[in-house]
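To start, the structure under review is shown below, and the notes come after it.
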Amino acid sequence: MASPSRAEVLTLFRSLLRTARKFPDYNVREYTKRRTIDGFRQNKDLSDPSKVTAAFSDGRSQLEVAKRQAVVYSLYAPKVKSVMELNQ
């Protein structure tokens, strides 16, 4: 597989952030957003095409896991909002 383009990487980043918004629980939602941002910052200086491809592939697999988890979490969402969400 060829090294992913900048557009593909940005699409993956946005997809991960959109998926994070689907979590009904505040803590899980914020953790997912923070982990996404930190992961992309950690890998922003990768220049070796094989490492870039591996990181991109890992990101895509993480996206699939997050999508499945968002569905599961939505099935068992808490009835009461978190204290952090009350003022929003």
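In what follows, every heavy atom counts, from backbone to side chain, and hydrogens, waters and symmetry copies are set aside.
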By side chain to side chain contact (heavy atoms under 4.5 Å, CB included) - contacts of P49 (at least two apart):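 By the side chain to side chain contact (heavy atoms under 4.5 Å, CB included) rule, P49 matches S3.
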Side chain to side chain contact (heavy atoms under 4.5 Å, CB included) against K51, all qualifying residues, sequence neighbours excluded: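 K51 satisfies side chain to side chain contact (heavy atoms under 4.5 Å, CB included) with L46, D48 only.
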Using residues 10-19 as the side-chain source, report each donor-acceptor pair under 3.5 Å to any protein atom, sequence neighbours left out, with the distance given to one decimal.
unit_1 : atom_1 : unit_2 : atom_2 : d
T11    : OG1    : A7     : O      : 2.8
R14    : NH1    : L10    : O      : 3.4
S15    : OG     : T11    : O      : 2.9
T19    : OG1    : S15    : O      : 2.8

Within residues 33-47 or reaching into it, pairs that qualify as salt bridge (Lys or Arg N to Asp or Glu O under 4.0 Å) - sequence neighbours excluded: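 Sorted pair list: E30-K33.
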Co-members of the apolar cluster containing Y31 [side chain, <4.5 Å]: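 Result for Y31 is none, singleton.
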Under 3.5 Å donor-acceptor, S74 side chain and V71 backbone: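 Looks like yes, one N/O pair under 3.5 Å.
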For the student: nearest non-hydrogen atoms of T53 and A2, plus distance: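 Shortest heavy-atom separation between T53 and A2 comes out as OG1-O, 4.0 Å.
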Residue pair A70 / K22: nearest heavy atoms and the distance that separates them: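 Shortest heavy-atom separation between A70 and K22 comes out as CB-CB, 4.2 Å.
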Pairs under 3.5 angstrom only: tabulate donor-acceptor contacts from the side chains of residues 61-69 to other protein residues two or more places apart or in another chain.
unit_1 : atom_1 : unit_2 : atom_2 : d
S61    : OG     : D58    : O      : 2.7

